[in-house]
K.L.:
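Structure provided below as structure tokens; questions to follow.
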Amino acid sequence: MADPLVGLVLLPLGWATLAFVLGPGRGAWAALAGIAAQAWLAWLLAAQVGAGGTARHAVGGWGAPLGIDLAADGLSAALLLLTQWLALGVALYARSYFAAGDPARRYFWPLAGFLLAGLNALFVANDLFNLYVTLELVGLAAVGLVAAAGGERQIAAALRYLFAALAGSGLYLFGVALVYGVYGTVSIATLAPLITPEAPRLVWIAGGLMALGLVVKSALFPFHFWLPPAHGGAPAPVSALLSALVVKASFYLLLRLWLGPFAPLAPAAAWLPALLGAAAIFWGSWRAIRAERLKPLIAWSTVAQLGYLFLIFPLLAVPAAFGAGVMQVFAHALAKAALFAAAGVFIQATGQDTVAGLAGAAARLPVTLFAIGLAGMTLAGLPPSAGFLAKWQLIEAALALGHWPIAVVALAGGLMAAVYVFRVLRQAFCLAPAGAPVAAVPRALEWTAFALAAASVLLGFFGVDLMTLIEVRA
Amino acid sequence: MKRSLLLRGAAFALLWWVLSEGRGDGWLLGSAAVIAASWASLKLAPPAPPHLRLTALPGFLRFFLWQSLAGGVQVAALACRGRAALRPGFVELSLALPPGAPRLFFAGILGLMPGTLGVALDDARLRLHVLDTRLPALAEARALEAAIGRLFGVAP
Amino acid sequence: MMVLVFDGLLACALLWSAWRALATPRLDRAIVFFIAFGLLMSLAWARLSAPDIALAEAAIGAGLTGALLLDAYGAISRRKGGK
Amino acid sequence: MKRLAVFCLACAFVVLTGGALIELGPAAIDLRGQVAAQLAASGVSHPVTAVLLNFRGYDTLLEVAVLLIALLAILAVTDKPPAAPVPAHPLLQAVARGATPAMILVAVYLLWAGAHRPGGAFQAGAVLAAAAVLLHLVGLLPGWGAPGLRLRLGLTAGFALFLALAAALLSQGALLQYPPAAAGTLILVIEAGLTVSLGLILAGLFLFLSRDEGGET
Amino acid sequence: MTSGLLFALVGVALFALGLAGLVLIGDVLRRILAFNLMGSGAFLVLVGLAQRNGVPDAVPQAMVLTGIVVAVAATALALALARRLDAQREGALPEDEDG
Amino acid sequence: MTTLAFLVALFLLANLVVALIAAARGPTSADRMLMALLFGTTGTGILVLLSATGMGTALVDVALVLALLAAISGIAFAKRAWQAEENGHD
Amino acid sequence: MIEWLSMGLLLVGAGFFFAGTLGLLRFPDVYSRLHALAKADNLGLGCVLAGLALTADSLAAALKLLLIWPLALAASAAVSFAIARRAQALGIAPWRREERQE
Amino acid sequence: MSMHAWLPLAVLASSLVPGLVIFALPESWIGLRTALNLLGALVKLVLVGLLLAGVAAGEQYGFRHAVLPGLELAFKADALGLLFISLSAVLWLFTTLYAIGYLEGAPHRSRFFGFFSLCVTATMGIAMAGNLFTFFVFYELLTLATFPLVVHRGTPAAMHGGTVYLAYTLAGGAVLLAGIVWLHHLVGHTEFAHGGIAAALGPQYAGQLRIVFLLLIAGVGVKAALVPLHGWLPRAMVAPAPVSALLHAVAVVKAGAFGIVRIVYEVYGVEFAQSLGLLFPLAVAAAVTIVWGSLRALFQDDLKKRLAFSTVSQVAYIALGVALFGPIGTIGGLVHLVHQGIMKITLFFCAGNYAETLGLHKVSELSGVGRRMPATTLAFSIAALGMMGAPLTAGAVSKAWLIEGARAAEMEWVIGVLWTSSLLNAAYFLPILWRAWFRPPPAAWPDEHIPARGRRETAWLLLVPPLVTAAAVVVAGVFAAADWSPLAWAKLIAAREYVTPQ
């Protein structure tokens with residue numbers, strides 16, 4: 001592919017189609033090859049953006065506002081990089097995870113491919129309506145992946161998820177409609193200079209609705225109701241993709257709009273997401289602490305961790321806050337994918353999904369236990385993980401602006417995260433009940449989980465590189 | 001078979017001409033459409049013995065239009081007089097038409113004729129709903145049967 | 001003036017059928033109201049000089065969505081009735 | 001209580017947004033002029049089709065992917081093989097037999113018309129799908145189970161063609177950048193492929209789901 | 001007042017109606033209807049508002065066509081899920097997720 | 001002529017609305033299904049009349065499609081959705 | 001002349017539509033109402049189409065307008081038959097005048 | 001990257017790499033595991049020796065890596081750090097030897113030694129941290145690496161102890177983090193520098209700096225077990241003896257104490273801290289801890305718990321020395337860092353020997369144990385006497401300097417505290433010694449797993465380490481005036497901290 005920007009969208013579309021035609025067995029190879037190529041493309045793109053600034057592509061050669069423009073600045077490139085590499089890990093995991101007869105496997109690869117295509121398209125989109133289409137692409141593919149597991153719980157969760165996603169994208173679309181009505185364009189680059197604080201009332205309504213829609217899709221408290229059943233019920237590779245990437249996509253979009261075209265309006269509402277984020281941290285952590293089963297615990301932890309992302313909005317005047325948001329996205333994505341992958345290992349090994357059930361298995365699956373430990377470090381924001389760097393930047397930004405309550409929330413949230421993480425780890429150190437059967441688990445599962453977790457910690461040493469990349473702004 | 005194909009093909013070609021409002025530049029796609037439609041038509045409704053007689057078509061159309069107008073006027077009149085004028089009820093009719101296309105055609109058309117509405121068709125028995133049992137619905141149905149018989153060239 | 005009356009009437013019909021689709025107690029009827037709503041929408045698109053959308057709405061509303069909804073309703077209510 | 005609150009919120013929203021809508025001035029940018037100016041270069045003479053397949057063809061590409069996703073997801077949740085359809089009354093079957101060729105003709109007409117007047121692949125596909133739905137409803141077309149290779153190819157062919165052309169056009173410099181001379185033909189080819197696949201996909205949305213469980217007419 | 005503006009207003013009301021329905025109603029099929037109403041409202045606003053001066057605008061019309069396809073896809077998926085859920089659940093009420 | 005066509009279209013719309021309300025108030029589910037029939041005729045009529053008022057011949061295509069597909073939801077209703085009336089009067 | 005004929009047909013068509021609606025409002029049961037729709041409305045549509053076809057630009061356009069009519073007729077016939085049959089199968093009795101009123 | 005950058009990293013790697021490899025080893029590969037452990041410890045000793053020689057020759061060792069713009073992981077090897085490094089490296093070797101003997105045949109040894117090595121790595125990191133940020137990173141790592149050791153046995157008591165330990169240390173870490181970020185925000189960096197970095201700020205920041213100081217000290221105070229933050233320490237005694245020995249004598253609590261030293265001298269600067277009036281409260285806190293810990297130790301029957309409260313009390317000496325403004329107190333505190341380490345590790349080794357050999361856990365069970373295990377009991381006695389401050393032991397040296405320091409700082413009440421503490425020390429140690437030497441042994445020991453054979457009272461791997469460290473206690477006391485003694489070293493450091501050397 002000549003242009004990595006386009007290749008990152010076309011490639012997954014292509015292999016997803018191919019995987020559907022080929023069927024699940026051979027489709028997996030198409031998928032792995034495709035994702036590997038994407039990972040390389042994302043790397044190229046990051047290098048290109050790092051060296052030459054924002055990469056652009058005018059689809060059809062028309063250029064905005066008549067045509068659709070694609071653009072990748074540092075933030076996009078970073079998230080693309082994260083998406084492809086994380087997907088590579090999850091794909092390797094998934095290939096070993098699904099047994100041959102598993103109904104969830106039948107359409108996993110094509111759906112995952114379309115999901116990745118949607119995510120990539122979302123990250124490079126520079127057009128409000130195009131973004132709507134990509135949001136739907138991501139949303140429907142995610143729902144399909146959840147539903148593919150086929151159990152009653154999963155279907156109910158998928159349905160709930162679907163309605164939340166549809167409500168969210170509907171709100172977003174309505175906002176887009178209003179914006180088009182007011183300005184006659186949906187190109188972000190064209191819109192940016194047009195929107196001023198003196199914009200008509202309709203623009204404020206539009207911005208509010210779009211933000212609300214995106215907040216619903218990124219499961220911010222109190223719109224998180226759909227997330228725990230969906231992420232907690234899906235098969236482990238799916239949960240990993242959803243928790244790590246899908247909810248981040250709508251957050252990315254929110255951030256992009258907030259910092260981009262809607263920046264002149266944004267300060268008015270900055271505290272609302274932060275308040276809800278704080279509530280999410282406390283409520284999500286509390287539910288995670290109380291959860292009986294492992295995957296819902298991790299899913300509730302996602303609710304809490306997403307809360308951090310929204311704490312940055314009142315602080316965006318300080319660059320560290322933006323860095324904190326991106327770092328948290330990375331840290332949480334890697335750690336959460338690792339946790340779900342590890343949970344999948346335990347479920348396969350013990351055949352059950354309870355925290356109590358870990359007591360026997362952990363001693364026999366040390367690599368997985370380590371994965372949980374490392375990922376837990378990241379979630380709790382313990383050094384030297386990437387999660388710690390995110391927390392550091394967040395607190396620093398909060399102190400720089402004198403908003404110390406945010407710093408307190410971040411610290412308290414870290415402690416609560418430590419409570420639920422160590423609840424799991426502690427169980428792992430308990431004496432094993434005699435005779436609990438532990439099934440053999442493919443090595444690949446354990447090591448991919450571990451690699452993801454290790455990445456979430458090791459990223460803590462490369463914060464400078466990431467921050468330099470996201471400095472490249474459109 | 002060949003005749004049916006030609007006939008249907010011609011009909012579809014005419015249809016395409018009508019749809020494209022006489023524009024001549026769409027014939028490439030148009031012929032593909034005609035072929036596809038003919039194929040589907042032959043596949044779905046293979047030509048069966050009682051064939052439509054084109055020569056009888058104008059006569060039938062006149063009959064149909066006239067009856068249909070009469071039906072419309074009758075219903076309109078009934079509607080204006082309200083339910084006081086109605087004497088609805090079911091009427092059974094045994095069909096003289098041969099089974100297959102003629103009979104189905106009859107049952108379908110009947111709903112557009114004055115006073116009658118097909119309700120159930122099993123073998124040769126047709127149950128009708130009529131708006132006014134006092135009107136000569138049966139006689140009119142017989143007339144339609146005859147017209148259809150002529151159209152298909154079969155004795156009713 | 002005439003145009004406004006036409007549009008106003010159409011608008012009221014749209015809102016009424018939408019309301020009925022949500023508020024009618026029985027589901028099968030609600031679905032029928034929704035089908036009617038779809039067809040009214042296609043009239044509205046025609047009024048908005050958007051025949052493409054009117055075509056799509058007519059084809060989808062009359063041919064697909066209606067059938068899908070009615071079929072789903074039938075399957076679900078049969079199961080309820082069978083119990 | 002909740003009902004009342006939502007009702008009040010909805011009313012407030014309508015009043016607020018409606019008020020803001022009415023007092024709105026003219027838009028800063030008007031794309032109508034640009035669309036008209038570039039129409040000649042787009043390969044088609046109908047502006048909506050030009051936008052749909054040329055100016056914003058990328059959206060359309062992704063939109064077909066959305067449909068495919070929905071289909072895949074539906075396939076993923078339905079595992080029962082379809083039951084044999086219950087045939088409808090011969091009268092209805094006869095109507096369906098007669099209407100189907102007409103629908104095919106109309107579908108192709110809509111596809112052809114798209115280049116210069118309202119119509120296009122999606123409408124054509126919808127009409128085709130409606131034909132399939134009608135045939136299925138009267139019992140002439142069985143429901144679909146897990147798709148075989150041919151059906152899978154058919155479902156994806158249009159999208160794959162679109163994708164392949166889009167990628168091939170990268171050599172022109174940009175995704176979906178049609179050479180002006182060939183634009184009309186390429187768009188027609190893409191639309192033709194899409195019509196078949198969209199028809200199959202939309203039909204699939206119904207046929208993969210539909211289970212005739214004993215209703216009869 | 002042009003048709004565009006009028007139908008844009010109708011669109012706002014439909015959107016609000018659909019959204020309220022989606023929030024308030026529990027029945028799955030009904031929620032699907034509500035979602036479709038919401039979508040229709042947004043489409044009406046998109047086209048109507050852009051054409052408030054009475055001149056047709058092809059760009060939002062094309063967008064709405066795209067949007068309708070998406071809405072159909074979502075509707076079909078929701079119906080498939082609802083049917084599958086109903087088949088599995090056989091009338092039992094959903095247990096709330098322990099989470 | 002154009003004015004007349006529009007007036008007739010308006011009249012048909014009024015008819016349609018009244019008929020819709022009437023069908024909505026009818027006692028059986030079948031009454032509701034009459035709406036589908038209504039659109040096959042009245043809706044088609046309105047569309048062709050609008051087309052005649054200068055809104056583009058494309059509306060004839062819309063009317064054509066509407067007429068062509070009008071049967072589907074009716075048949076789907078009769079074949080798939082219409083169960084025995086659950087309570088006599090309703 | 002053609003202009004006037006066309007206008008007349010439109011008005012007659014409108015009249016039939018009105019009658020159909022009236023029938024829908026006043027007829028007592030589903031079968032009778034089907035009569036009203038299947039006959040009056042179709043005739044109304046036919047008149048309107050004919051009226052418009054008279055003033056159409058070209059022969060093809062006129063035929064296209066007229067083509068709609070048989071399609072609508074077929075749809076009406078099929079749907080009214082289907083509904084009537086189903087109604088009867090479900091045991092919905094037709095309305096009958098009370099005997100004593102005669 | 002030059003040798004000067006590599007050496008600190010190599011010191012870290014010499015325990016990190018063996019640790020990671022050990023994790024991967026199957027449980028049954030005892031030989032390789034033991035070899036790796038000892039090899040790591042010896043290599044580390046050699047590397048530390050190289051560092052010492054280099055620093056003595058005036059070389060600068062350091063390594064920096066930016067993790068965020070404006071935020072660096074920084075390592076440096078200075079005299080203060082080396083004091084702690086040398087202590088840890090030496091004691092690691094002995095503890096490893098001891099642990100190999102102690103855990104013979106126990107389950108999960110790969111896990112144990114893996115985390116053990118990680119703990120040492122974290123301790124090295126703390127010692128070599130070049131700024132407060134790096135200090136914090138390794139401080140938290142230490143928490144994480146010790147948790148599995150505390151809960152190693154997997155019993156409910158171990159779980160409870162581990163949970164309490166985590167609750168205290170993680171909360172402390174959060175408070176510390178808040179302080180560090182705040183400081184970073186105020187100053188722009190958190191480098192450790194002679195004379196401190198906070199003094200550069202204007203007087204208008206005094207209020208904020210006081211709060212930051214409170215946060216920092218509270219944060220490190222948890223690990224240093226300052227009252228009332230000491231609650232975790234006695235409960236963490238459920239861990240195996242080598243863990244208690246190394247971690248609660250050397251690594252963890254010293255990390256806290258070391259943090260206090262760094263914060264007072266190199267972040268705030270002792271003069272600046274004094275001018276802000278921060279030292280006096282610290283001295284009071286330390287004094288309270290000293291007395292309270294000793295009082296609580298008096299009433300513990302469980303031997304390890306008694307030792308744990310003793311640790312609470314003794315570690316506070318270091319804080320006290322730091323809080324006494326003036327070089328003499330500083331010297332006393334710093335030298336106690338080393339002295340307390342070798343004394344307390346001896347005591348824990350011995351306690352472990354009693355438990356492992358005879359199943360003795362309680363003070364009341366120790367009657368006559370001196371006859372059954374004379375060598376162990378001798379080592380115990382030396383260390384206990386040292387703790388009391390008996391002449392010729394290391395303890396006497398530190399106490400003497402602390403008392404001098406208090407006098408020089410004109411804080412006579414501190415002398416009272418020190419004397420009270422010494423008396424209390426005697427009160428809780430002397431009964432043990434008396435009981436061990438002079439009471440008759442019971443007819444049978446509660447749980448004797450290692451039978452006495454000839455002159456050997458227990459496994460030699462368990463016996464040698466306490467004897468060596470006990471000897472060190474005496475040597476450090478007797479040769480306190482030598483050039484290479486910890487005292488000389490502490491003087492050197494104090495001379496650098498106070499611009500006017502004594």
Side-chain angles (χ1 to χ4, degrees), chain A residues 1-3 6-7 9-10 13-14 16-18 20-23 57-62 65-68 70 103-104 106-108 110-111 114-115 117-118 121 127 129-130 133-134 136-137 140-141 143-145 147-148 150 155 158 178 180-185 190 194 200-202 204-205, chain D residues 13 16-17 19-21 23-32 34-35 37-38 41-42 51 54-63 65-77 79 146-147 149 152-153 155-156 159-160 163-164 166-167 169-178:
Chain A
M1 297 281 166
D3 194 341
V6 185
V9 179
L10 294 188
L13 286 177
T17 314
L18 193 63
F20 173 54
V21 174
L22 290 180
H57 187 101
V59 178
W62 299 107
L66 179 62
I68 299 174
L70 309 182
R106 286 184 305 166
Y107 297 101
F108 174 79
L111 281 172
F114 281 122
L115 180 72
D127 178 290
F129 188 77
N130 185 234
V133 179
T134 61
E136 292 286 17
L137 209 55
L140 291 191
V143 170
L145 283 169
I155 299 277
L178 294 181
Y180 187 86
V182 177
Y183 294 111
T185 179
T190 317
L194 294 176
R201 192 147 49 105
L202 215 49
W204 290 81
I205 297 175
Chain D
F13 170 77
L16 206 71
T17 315
L21 225 98
E23 66 193 26
L24 196 62
I29 294 175
D30 198 336
L31 289 178
R32 277 166 273 227
Q34 290 197 42
V35 171
Q38 302 288 354
S42 72
V51 173
N54 198 335
F55 304 142
R56 297 186 70 92
Y58 179 61
D59 274 348
T60 309
L61 180 71
L62 295 184
E63 161 222 305
V66 171
L67 262 183
L68 263 179
I69 288 177
L71 186 83
L72 287 171
I74 288 172
L75 282 174
V77 293
D79 49 0
L149 182 63
R152 289 205 299 263
L153 279 173
L155 287 168
T156 51
F159 178 68
L163 193 65
L169 290 172
L170 266 178
S171 61
Q172 295 285 315
L175 187 70
L176 280 173
Q177 186 167 17
Y178 306 106

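The shown structure was predicted, so the numbers you read here are calculated from the model rather than taken from an experiment.
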K.L.:
If you count heavy-atom pairs under 4.5 Å with chain D, which of A:Leu115, A:Asn130, A:Val133, A:Ile205 comes out on top?
P.N.:
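Going by pairs under 4.5 Å, I would pick A:Asn130.
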
K.L.:
Quick check on the interface: out of D:Thr156, D:Leu68, D:Val51, who has the most heavy-atom pairs with chain A under 4.5 Å?
P.N.:
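Looking at each of D:Thr156, D:Leu68, D:Val51 in turn, D:Thr156 comes out on top.
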
K.L.:
Using non-hydrogen atoms only, which part of D:Leu149 is less than 4.5 Å away from chain A: side chain, backbone, both, or neither?
P.N.:
side chain

K.L.:
Against chain A, label D:Ile74 side chain, backbone, both or neither, depending on which of its atoms sit under 4.5 Å from a heavy atom there.
P.N.:
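Neither part.
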
K.L.:
Is it the side chain or the backbone of D:Leu169 that comes within 4.5 Å of chain A heavy atoms, both, or neither?
P.N.:
neither

K.L.:
Name the option with the most non-hydrogen atom pairs under 4.5 Å to chain D; the candidates are A:Leu13, A:Leu70, A:Leu194, A:Val9.
P.N.:
A:Leu13

K.L.:
Chain A heavy atoms under 4.5 Å from D:Ala164: which part of the residue, side chain, backbone, both or neither?
P.N.:
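The answer is neither part of D:Ala164.
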
K.L.:
Where on D:Tyr178 is there a heavy atom nearer than 4.5 Å to chain A: the side chain, the backbone, both, or neither?
P.N.:
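Contact with chain A involves no heavy atom of D:Tyr178 at all.
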
K.L.:
With a 4.5 angstrom heavy-atom cut-off, which part of A:Leu178 approaches chain D: side chain, backbone, both or neither?
P.N.:
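For A:Leu178, side-chain heavy atoms alone lie under 4.5 Å from chain D.
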
K.L.:
Could you tell me which non-hydrogen atom of A:His57 sits nearest to which non-hydrogen atom of A:Asp3, and how far apart they are?
P.N.:
ND1-OD2, 2.9 Å

K.L.:
Could you pull out all residues at least two apart from D:Phe55 that satisfy ring-ring contact (aromatic ring centres under 6.0 Å, His included)?
P.N.:
A:Trp62

K.L.:
Shorter than 4.5 Å, heavy atoms on both sides: which option in D:Leu16, D:Leu72, D:Leu155 has the most such pairs with chain A?
P.N.:
D:Leu72

K.L.:
What is the minimum heavy-atom distance between D:Ala41 and D:Asn54, and which atoms define it?
P.N.:
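In terms of heavy atoms, the two residues are closest at O-ND2, 4.4 Å.
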
K.L.:
Using non-hydrogen atoms only, which part of D:Leu24 is less than 4.5 Å away from chain A: side chain, backbone, both, or neither?
P.N.:
side chain

K.L.:
If you count heavy-atom pairs under 4.5 Å with chain A, which of D:Ala27, D:Pro26, D:Ala73, D:Gly173 comes out on top?
P.N.:
D:Ala27

K.L.:
Return the minimal non-hydrogen interatomic distance between D:Ala20 and A:Arg201, and the atom names on each side.
P.N.:
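For D:Ala20 and A:Arg201, the tightest heavy-atom pair comes out as N-NH2, 3.8 Å.
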
K.L.:
In terms of heavy-atom pairs under 4.5 Å, which option from D:Gly25, D:Ala28, D:Ala166 contacts chain A the most?
P.N.:
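If we count pairs closer than 4.5 Å to chain A, D:Ala28 comes out on top.
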
K.L.:
Shortest non-hydrogen contact from D:Pro147 to D:Leu75?
P.N.:
CD-CD2, 3.7 Å

K.L.:
Considering only heavy atoms, which portion of A:Ala58 lies under 4.5 Å from any heavy atom of chain D: side chain, backbone, both, or neither?
P.N.:
backbone

K.L.:
Relative to chain D, which of A:Thr185, A:Ile155, A:Thr134, A:Asp127 shows the most heavy atom pairs under 4.5 Å?
P.N.:
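Of the options given, most contacts go to A:Asp127.
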
K.L.:
Going from CZ on D:Arg56 to CG on D:Leu176, what distance comes out if it is rounded to the nearest 0.5 angstrom?
P.N.:
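These two atoms lie 12.5 Å from each other.
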
K.L.:
Identify the residue among A:Leu145, A:Leu140, A:Thr17 that makes a side-chain contact (heavy atoms from CB on, under 4.5 Å) with A:Phe114.
P.N.:
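Testing A:Phe114 for a side-chain contact (heavy atoms from CB on, under 4.5 Å) against A:Leu145, A:Leu140, A:Thr17 leaves exactly one candidate, A:Thr17.
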
K.L.:
Measure across A:Val143 and A:Ala158 and return the closest heavy-atom pair with its distance rounded to 0.1 Å.
P.N.:
CG1-O, 3.7 Å

K.L.:
Within the side chain of D:Arg152, is there an N or O that forms a donor-acceptor pair under 3.5 Å with the backbone of A:Phe20?
P.N.:
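Checked: pair present.
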
K.L.:
Can you tell me how far the OG1 atom of D:Thr17 sits from the CZ atom of D:Phe13, to the nearest 0.5 Å?
P.N.:
3.5 Å

K.L.:
Answer with side chain, backbone, both or neither: which region of D:Gln172 has an atom nearer than 4.5 Å to a non-hydrogen atom of chain A?
P.N.:
neither

K.L.:
Who among D:Leu21, D:Asp30, D:Leu61 has the most heavy-atom pairs with chain A under 4.5 Å?
P.N.:
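Highest number of heavy-atom pairs under 4.5 Å: D:Leu21.
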
K.L.:
Calculate, to the nearest 0.5 Å, the distance between atoms CD1 and OH belonging to D:Ile69 and A:Tyr107 respectively.
P.N.:
15.0 Å

K.L.:
Pick whichever of A:Gly184, A:Gly144, A:Gly14, A:Pro200 has the most heavy-atom pairs under 4.5 Å with chain D.
P.N.:
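Counting heavy-atom pairs under 4.5 Å, the top option is A:Gly184.
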
